[in-house]
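These notes concern the structure reproduced below.
As the structure is a computational prediction, the values presented were derived from the model and not from experiment. For ligands, and for the atoms within them, numbers begin at 1 and follow the listed sequence.
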Amino acid sequence: MKELLKKLIQAESTPQKGELAAAEVISSELSRSGVECRIDTWGQNRANIIARVKSCERKGALLFACHLDVVGPGEARWEKPPFGAIESDGKIYGRGSADMKGGIAAAVTAVRQIADSDIKLQGDIVFVAAAGEETDSCGAKRFISDSGRMPEFVGVVIPEPTDFAIVTAHRGMLWLEVTTKGKAAHGSTPQLGVNAIASMRSVLDELENYEIPAEAHKLLGRCSMSVNTITGGKALNVVPDKCSIGIDIRTLPEQNHQDIITDLENIFAKLKSENPQFDAEVSVVRQVRPLETDCSCDFVNDFCSAVGNNETVAVGFTTDGPHFASLGAPVVIFGPGKPHLCHKPNEYIEIRDAKKAIEYYKNIILKFLS
Ligand SMILES: [Zn+2]
């Protein structure tokens, strides 16, 4: 497991380098146990890997759904090289060690150990590690659009780092870009232009007073909105004709993303009625629905008994879970690694935790498929 994890970290599956190398690491590992694997590639080096341990299919299949990609190492200095996969003090350091190559290595090892044993499964194990979870969920969407080849699933396990908490809910994500348009003019004659940054100021003032209408959710709390990027203007002596902001909105299960977009369009219409030169538009950069798995369903109850913990929780971060939930099966997020280490310098996983995850995943497989 340790060697597999190190190779996965060294595969450096950032948005720049793509996922193909990491997919090949998994494929050669699973092939050693005769597990049927398929690498689905597109673009330069994008890849999903799909593996399946066949059974007599008396029961529904269990899906392990992972992501192959990692975020870049960032600007801050690392104490250990981010793709070196250095082992020290019982930990393995590197980008992706926690999010989520530790979980992948544990799930792949569990699948191999089951495949190598004499256990006769009553349902298939399907394992997918998808591309692009950190950017646009392209891999998960691609897998789901091709799911006609898949059996019925009893449930989906996502081995993201939850430090072994059983996560059944998270908020959704709606990323919007708002662009105001103006008219360029020489900076010395601003009266001849329309300043897109000034228009954006009106938008920001309106957003300051705008509250997304939504009741707090019992597990997920409130919906949130934050303007996190702004760009505009090309030179100090040119009236800017364009200004954009990026808005990060985290949504609750009963909310409709389109309603929020309509609210913004209504704000723009009001601003235009006050100032005919005002011009703005909104576009969706990315959206993921919230995840809300019924905590009292059989799958969650059996999952809890398989791992010996009855507490289910909600988390602040977002996963590909809602995409996989569209397959019609309940989704649980459960894996090794501390969530607070994700996307930070000096990310690591405790080897002990990754090993513990192998046992948990085997118990889960046996609970549902034996
Ligand atoms: Zn992740």
_Can you tell me if, anywhere in Glu133, an N/O/S atom lies at a distance from the Zn ion (ligand 1) that is smaller than 2.8 Å?_
no
*Metal proximity, Cys342 vs the Zn ion (ligand 1), N/O/S cut-off 2.8 Å*: no
*So, Glu19 and His67: side-chain donor and acceptor under 3.5 Å apart, yes or no?*
no
*Considering only N, O or S atoms, which atom of Glu160 is nearest to the Zn ion (ligand 1)?*
OE1
*Restricting to N, O or S atoms of Asp99, which is nearest to the Zn ion (ligand 1)?*
OD1
*Mind telling me whether Phe334 and Tyr361 have parallel, tilted or perpendicular rings, with 30° and 60° as the class edges?*
perpendicular
_If we check side-chain contact (heavy atoms from CB on, under 4.5 Å) with Phe153, which of these qualifies: Leu62, Val126, Asp124?_
Val126
*May I ask you to say whether Asp353 pairs ionically with Lys338, meaning some side-chain N is under 4.0 Å from a carboxylate O?*
yes
